[in-house]
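Everything on this sheet refers to the single structure shown next.
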Amino acid sequence: MSPEASSAPRSLAEALRARDDASLAALLRDRPDLVAPVPTDLTQLATRAGTRASVLRALEHLDRFALQVAQALAVAPDPATYDTLHELLAGDDGDPAVTEALPETVAALRRQALIWGDDDRLHLVRTARELLAPSPQHPSPTGLGPTVREATSGMSPGRVQQIVNTAGLPSTHDPVSAVNALTALFADRKRMDALLAGAPEAAREVLTRLMWGPPYGQVTADPAAHLRWLLDRGLLLPTAPGTVVLPREVALHLRGGRAHRVPEPVPPAVEPSVAHAPGIVDATAAGQAYTALATVEELLKHWDQGGPAVLRAGGLSVRDLKRTAVALDAPEPLAAFWIELAYAAGLLASDGAADERYAPTPAYDTWLERPVAERWGRLATAWLAATRTAGLIGGRDIKDRALSALGPGLDRSAAPEVRHRVLTLLAGLPAGVAPAPEAVLTRLTWERPLRTPQRDGTEDLRIRLARWTLSEAELLGVTGRGALAGHGRALLGLALPEAGTSAEAGTSRPGGDARPVIDGHAPAAAEGTTTVERPTGPLSLTEQTTATAVGLLAPLLPEPLDHVLLQADLTAVAPGPLLRPLAETLGVLADVESKGGATVYRFTPASVRRALDAGQTAADLHAFLAQHSRTPVPQPLTYLIDDVARRHGHLRVGVASAYVRCDDDSVLNEIIADKRAAALRLRRLAPTVLAAPCDPATLLEGLRSLGYAPAAESSQGDVLITRADAHRTPPRTAPEPVPEGPPAPDHVLLTAAVRAIRAGDLAATAPLKAPGPQPAGGELPRTSPADTLATMQAAVMTGEAVWIGYVNADGAASQRVVAPIRVEGGFVTAYDHTADEVRTYPLHRITGVAELAED
């Protein structure tokens with residue numbers, strides 16, 4: 001190995017250049033923003049990895065201990081040794097947990113290119129140091145202040161010499177050596193103990209108050225004696241008139257060398273809170289899943305004939321949300337959740353008409369035909385991947401605009417990752433065990449610590465997302481009694497744990513192997529994984545997990561019934577879920593009076609008329625009830641049906657604007673004489689015909705409100721049969737989740753990116769055979785057209801590679817290493833080492849060419 005290869009890297013680019021391909025691929029996988037677009041060489045990759053936006057994104061994905069390590073390096077000298085870093089985190093006494101966890105965390109930070117260099121020269125990336133180093137404007141979480149050198153940078157040389165002399169140090173010939181001597185004193189444990197032994201008790205109390213931060217304090221123009229004692233010896237240094245600061249070296253001595261009051265190298269465990277039998281948890285979750293399906297179906301039935309209007313700014317009005325909540329018999333936040341869930345699953349959308357309204361989509365009808373468990377699977381997978389967050393509804397956005405259901409501004413890209421992480425933590429407990437919610441939130445806070453407080457004083461978004469996840473998972477039947485159900489584990493692609501065991505979910509340590517399913521994309525299947533087949537082809541991994549969850553849930557759902565219990569008070573009791581044809585017909589014939597374990601339907605003249613309007617006859621209704629009732633059909637119900645059927649269609653309403661006709665003119669006389677009909681402004685056209693200036697629908701409703709049972713008819717005089725499920729939107733796709741940053745690159749992209757970066761780096765760093773200065777980094781080689789042609793022709797004959805500068809049709813310049821194959825017709829055909837393929841280049845777009853050195 002050459003001396004250059006064995007020497008320590010002098011920059012991040014050199015450190016990256018020393019990595020192997022697997023390490024570069026790991027960097028691009030951990031920080032996907034670096035690969036879009038693919039860097040041209042390792043120098044550009046290092047530059048991009050040090051930009052503020054990229055470093056901020058990487059820091060926000062660190063767990064608490066990794067962030068503490070980075071913060072410690074930000075207050076350490078640059079470069080720092082591993083031993084110095086260990087002392088800042090473990091203290092003088094040494095913390096065994098820190099000692100054990102630190103090597104892995106340093107390796108992970110190095111893998112993510114946040115630190116570079118060997119253990120004897122650790123460098124924190126400059127941008128990260130600027131973000132994490134303490135300053136008056138941005139205090140560090142360490143609570144440390146500036147160093148002695150930084151605090152004395154504006155102090156007069158005479159004052160520095162006074163402090164050195166008062167501290168018991170000999171005078172020096174210049175301020176730099178004086179500051180160095182004072183720094184060495186404060187870093188020496190024995191000499192500092194001796195110095196502080198003579199401090200007044202009040203001075204020690206001041207140091208104790210400032211020790212863990214904030215390190216700044218206020219003093220008067222004439223400070224007290226104990227403060228003067230500290231100022232004279234440099235234990236407090238002035239930073240502005242009336243403001244003093246505790247130097248970093250003094251604070252570290254007082255802390256016993258610790259940069260943090262409480263290092264947290266071990267993630268807090270998600271302790272069990274309540275244990276239930278796994279069967280009870282699964283049964284409870286299955287009941288919740290069935291209730292969720294019934295609620296979504298009821299919502300969409302309520303909007304079957306066209307739901308609420310779409311606001312001009314998009315979304316649902318507060319009034320319509322209140323009405324929907326009343327119809328669902330649920331609080332408004334819960335109604336908003338069901339609305340957003342149906343929208344995320346593609347079952348609900350706006351119809352796009354001029355008078356735009358919300359309505360079910362055609363996919364809703366297909367969804368209704370699927371088995372119950374499969375319908376739940378669609379809702380659950382849509383919920384897991386959705387970025388729209390129902391919990392935000394009713395709040396305000398950054399522009400202080402109200403956030404409405406189905407409106408804009410509800411997407412939060414972190415929502416899918418938080419949902420998966422919360423459920424994965426629940427899966428780490430034994431089956432049937434529920435944790436305390438605060439334990440889950442504490443763990444999530446450790447995995448992604450808060451970096452900035454919320455401006456409105458609310459909880460961090462990730463914590464609020466976690467709280468909503470716990471409640472929504474229970475509503476949806478993914479969990480039961482706070483514990484993850486068996487079908488919930490399968491939905492995550494996790495196997496059921498053995499009884500009494502606990503598989504602690506992987507932490508989010510930087511570079512950790514645990515990768516929960518994100519946005520519906522699971523990690524690659526392990527070797528030997530069985531693929532579930534279906535008639536149209538193999539299922540994807542996400543479809544496999546959903547199919548497995550559906551298969552576990554299906555046996556737990558109640559079997560639908562084919563009967564009801566009719567009662568003499570004109571009600572019917574459904575003791576459980578009903579078969580779909582029975583439920584649909586009964587839903588038209590009767591009104592739902594109460595829901596729960598058993599649903600109570602009530603028969604009214606209006607509900608019977610609704611069934612007759614849908615094309616049923618009295619004989620059909622009698623036969624239907626007799627077939628599906630376990631009790632005899634009560635006589636009052638028979639009379640009700642016959643009475644409504646006898647009067648149904650006696651009046652006919654058609655289009656004039658609207659008219660009423662009846663063979664019995666006495667009935668029309670009765671209507672004309674009724675004062676309640678004055679608003680309809682009826683007038684007689686013939687003995688059996690009345691006309692009105694309103695539309696037929698208004699006339700129908702007006703006559704029904706008077707107690708009549710009119711039927712609508714067509715222009716040919718035929719009775720019109722109306723059905724409730726008439727309005728559907730055009731085909732709509734479910735809303736696409738908004739990704740959190742660039743997508744994670746797959747193996748193919750990583751392999752191609754690493755190969756392109758290596759080849760580009762070869763082109764940028766290849767030594768030239770020709771004498772003279774080489775072009776500076778990023779500068780293209782320049783030769784005349786004749787020299788370019790001659791060099792290319794020579795390279796074809798010798799088979800050697802050359803270095804060229806090339807400008808494509810879009811004006812983008814690049815450097816490439818190519819092996820020319822032939823030169824003809826103004827084009828060069830060559831094997832491009834940068835792209836790893838044969839390409840053809842126009843000679844007029846080649847800026848210059850140079851031969852490579854033989855080594």
Side-chain angles (χ1 to χ4, degrees), residues 33 36 51-61 131 137-138 307-325 331-346 348-358 382-383 385-419 441 444-445 448-469 471-472 518-519 732-743:
D33 58 297
T51 59
R52 182 181 179 87
S54 182
V55 171
L56 270 174
R57 182 183 296 275
L59 291 176
E60 288 172 355
H61 284 75
L131 291 169
Q137 295 77 22
H138 302 286
V310 180
L311 294 175
R312 182 179 301 177
L316 203 64
S317 69
V318 175
R319 180 181 301 175
D320 288 327
L321 178 60
K322 290 179 181 292
R323 290 173 178 168
T324 304
E332 291 177 32
L334 193 54
F337 168 68
W338 296 122
I339 292 171
E340 285 290 341
L341 179 62
Y343 179 63
L348 175 67
S350 60
D351 58 12
D355 182 18
E356 195 171 17
R357 310 185 75 83
Y358 289 107
W383 171 72
T387 55
R388 291 185 62 85
T389 308
L392 297 171
I393 295 172
R396 317 290 293 187
D397 64 9
I398 57 176
K399 295 183 179 180
D400 200 36
R401 296 175 298 194
L403 295 171
S404 59
L406 299 178
L410 294 181
D411 283 292
R412 296 296 182 270
S413 55
E417 189 269 335
V418 172
R419 291 193 193 106
L441 302 181
L444 288 177
T445 303
R448 296 283 181 87
L450 306 181
R451 299 198 63 250
T452 55
Q454 298 294 299
R455 288 178 296 180
D456 57 0
T458 59
E459 284 184 312
D460 176 63
L461 176 62
R462 286 179 57 86
I463 299 303
R464 288 186 288 158
L465 288 172
R467 291 189 188 277
W468 295 330
T469 297
S471 61
E472 292 168 0
I518 304 297
D519 291 338
R732 294 282 192 265
T733 57
E736 289 291 333
V738 177
E740 185 180 18

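Quantities reported herein were computed from a predicted structural model and do not represent experimental measurements. Side-chain atoms are counted along with the backbone in the values below, which use heavy atoms only and exclude waters and symmetry mates.
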If you take all heavy atoms of [X] and [Y], which pair is closest and at what distance?
{"X": "Pro735", "Y": "Tyr343", "result": "CD-O, 3.1 Å"}
{"X": "Leu392", "Y": "Trp468", "result": "CD2-CH2, 3.7 Å"}
{"X": "Ala734", "Y": "Ala345", "result": "CB-C, 4.1 Å"}
{"X": "Leu441", "Y": "Ala466", "result": "CD2-CB, 3.5 Å"}
{"X": "Thr387", "Y": "Ser413", "result": "CG2-CA, 4.1 Å"}
{"X": "Ala405", "Y": "Ile393", "result": "CA-CD1, 3.6 Å"}

Residues in side chain to side chain contact (heavy atoms under 4.5 Å, CB included) contact with Arg57, at least two apart in sequence or another chain:
Asp33, His61, Pro742
Please identify each residue that fulfils side chain to side chain contact (heavy atoms under 4.5 Å, CB included) with Arg319, with sequence neighbours left out.
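Listed in chain order: Ser317, Arg323.
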Among all residues two or more places apart in sequence or in another chain, which pass the side chain to side chain donor-acceptor pair (under 3.5 Å) test with [X]?
{"X": "Arg462", "answer": "Glu417"}
{"X": "Arg401", "answer": "Asp397"}
{"X": "Asp355", "answer": "none"}

Show every donor-acceptor pair shorter than 3.5 Å between a side-chain atom in residues 331-341 and any protein atom, with sequence neighbours excluded, or say none if there are none.
from, atom 1, to, atom 2, distance (Å)
Glu332, OE2, Lys322, NZ, 2.9
Glu340, OE1, Arg388, NE, 2.8
Glu340, OE2, Arg388, NH2, 2.9
Glu340, OE2, Leu406, N, 2.6

So, do Leu403 and Arg396 sit near enough that their side-chain heavy atoms are less than 4.5 Å apart?
no
Are Ser404 and Val318 close enough that some pair of their side-chain heavy atoms sits under 4.5 Å apart?
no
Could you check Ile463 against Arg467 for side-chain contact (heavy atoms from CB on, under 4.5 Å), going step by step and ending with a plain yes or no?
CA-CA 6 Å; Ile463 299 303; Arg467 291 189 188 277; 4.2 Å; yes
Any side-chain to backbone donor/acceptor pair from Ser350 onto Glu356? Under 3.5 Å, distance only.
no
Candidate pair Arg357 and Val310, rule side-chain contact (heavy atoms from CB on, under 4.5 Å), full reasoning:
CA-CA 5 Å; Arg357 310 185 75 83; Val310 180; 5.6 Å; no
